[in-house]
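Encoded as structure tokens, the structure appears first; notes follow it.
Order of the sequence lines fixes the chain letters, A, B, ..., with proteins taken first and strands second; residue numbering starts at 1 for each chain.
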Number of protein chains: 2
Amino acid sequence: MTQERRLTAEDWAEAALEALGEGGLSAIAVEPLAARLGVTKGSFYWHFANREALVAAALALWEQRSTEAKIASLNAEPDPVARIRLLFSQAIELAGRDSAEINLRAASDNPLVQPLLRRVIQRRLWYTIDLFEQIGFSREEAIRRGAMAFTAYGGQSEITARFPGIMPIDEGGGIGAYVDSVLEVLLSGRPG
Amino acid sequence: MTQERRLTAEDWAEAALEALGEGGLSAIAVEPLAARLGVTKGSFYWHFANREALVAAALALWEQRSTEAKIASLNAEPDPVARIRLLFSQAIELAGRDSAEINLRAASDNPLVQPLLRRVIQRRLWYTIDLFEQIGFSREEAIRRGAMAFTAYGGQSEITARFPGIMPIDEGGGIGAYVDSVLEVLLSGRPG
DNA sequence: TCATTACCCTACGCTAGCGTATGGTGTCTC
DNA sequence: GAGACACCATACGCTAGCGTAGGGTAATGA
């Protein structure tokens with residue numbers, strides 16, 4: 001964290017991403033980050049033109065890593081049904097793993113964040129829809145169920161992250177059982 | 001809006017709530033609001049101790065009105081299934097009706113907003129769960145389905161509000177058809 | 001070894017917003 | 001009609017954060 005050697009633009013972007021996870025978008029601030037890196041903002045303005053450029057760098061870093069991570073963990077699972085289950089499980093425990101995403105959602109009005117989230121949502125939504133189509137639902141039905149699944153685990157992860165303990169999913173079997181019951185409902189009337 | 005007469009604390013709270021709906025929590029700022037009300041902040045600090053008090057007043061105003069409105073519109077419908085349908089329909093078109101709520105969710109880390117939203121979520125969640133119990137599901141199953149319904153329409157309203165046009169629910173029948181299909185899934189295997 | 005380059009510091013100006021002190025004015029009351 | 005009170009203006013100090021100017025230093029390559 002606090003380095004002895006001199007810094008690069010990547011060091012700054014890394015620190016910015018970390019700050020985003022801890023304090024939200026507004027925590028990506030030049031002077032506080034400089035202090036944290038044991039340096040003055042004179043350093044920053046050598047590597048970046050302005051704060052916006054730093055925010056953009058941190059967002060790019062996040063997008064790359066988050067998509068890589070999700071794709072990697074999901075591609076390991078060949079069965080579509082198991083993939084959906086994985087999607088859900090991951091989303092529910094997303095709070096601890098990726099607090100940057102939670103904080104990004106809260107800043108979705110920001111002109112840099114808005115298009116980024118739009119891309120990410122689009123990808124995930126249609127990925128989910130595709131899964132339901134692979135399972136055997138018609139395209140129209142897959143769109144409906146996929147959209148429902150996506151909003152459900154989006155809302156779920158948001159709420160559990162921001163209001164821990166408020167969802168009564170710990171009763172009777174824990175998270176796994178809840179995920180199973182959700183899937184049972186989402187897959188009801190499954191053809192094939 | 002811009003008044004000729006002198007102001008009361010309620011006028012300030014009202015303007016603050018309006019600003020919250022338009023620009024988020026940070027838009028509840030003393031000097032901009034004063035300018036908007038055609039007055040200086042000397043007026044404000046006569047009515048309130050500080051900014052936090054104004055935020056609290058605006059939040060109280062919102063909580064009171066939003067719960068009143070929702071309860072009124074839902075109590076008019078006696079059938080539980082129709083009520084759930086109403087809940088969903090309302091949530092989806094929530095963006096235009098209550099942008100203050102959307103902006104509040106984005107500020108849920110704020111120490112004044114956090115407990116407020118926690119209360120509201122708690123109320124709505126268990127209200128939804130009760131509906132599923134009234135329909136005939138067991139308590140355990142009602143908790144699962146209610147939680148799922150709640151997160152689904154929470155996520156739905158958030159996404160449609162922040163990223164209009166991104167959800168493919170307008171295809172083939174519009175919102176009403178989508179709500180119906182969601183309900184069909186959520187009520188699958190319904191006893192009684 | 002010496003100049004160049006990469007990186008950083010110090011010091012400054014600027015803005016938005018919070019909060020305070022104090023004085024002014026219209027309206028109500030006796 | 002004279003005070004009292006409610007409401008507001010003016011003017012100030014303060015903080016956090018952005019951005020700039022210009023000088024300094026350590027390492028590196030010729």
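- Residues satisfying the ring-ring contact (aromatic ring centres under 6.0 Å, His included) test with A:Tyr153, not counting sequence neighbours, are A:Phe88, A:Phe150.
- Residues satisfying the side-chain hydrogen bond (donor to acceptor under 3.5 Å, both in side chains) test with B:Thr67, not counting sequence neighbours, are none.
- Under the salt bridge (Lys or Arg N to Asp or Glu O under 4.0 Å) criterion, B:Glu52 pairs with no residue at all, not counting sequence neighbours.
- For A:Asp180, the side-chain hydrogen bond (donor to acceptor under 3.5 Å, both in side chains) test picks out A:Arg85, with sequence neighbours left out.
- In the region residues 39-51 of chain B, proximity to DNA chain D at under 4.0 angstrom, judged on heavy atoms, holds for B:Val39, B:Thr40, B:Lys41, B:Gly42, B:Ser43, B:Trp46, B:His47.
- Legend: residues meeting side-chain hydrogen bond (donor to acceptor under 3.5 Å, both in side chains) with A:Glu141, ordered by chain and number and at least two apart, are A:Arg144, A:Arg145.
- The side-chain hydrogen bond (donor to acceptor under 3.5 Å, both in side chains) pairs that include a residue from residues 68-78 of chain B are B:Ser73-B:Gln90, where partners are two or more places apart or lie in different chains.
- For DNA chain D, the contact window with chain A, defined by any atom under 4.0 Å from a protein heavy atom, covers D:dG17 to D:dT20 in 5' to 3' order.
- Residues forming a side-chain hydrogen bond (donor to acceptor under 3.5 Å, both in side chains) with A:Thr151 (at least two apart in sequence, or on another chain): none.
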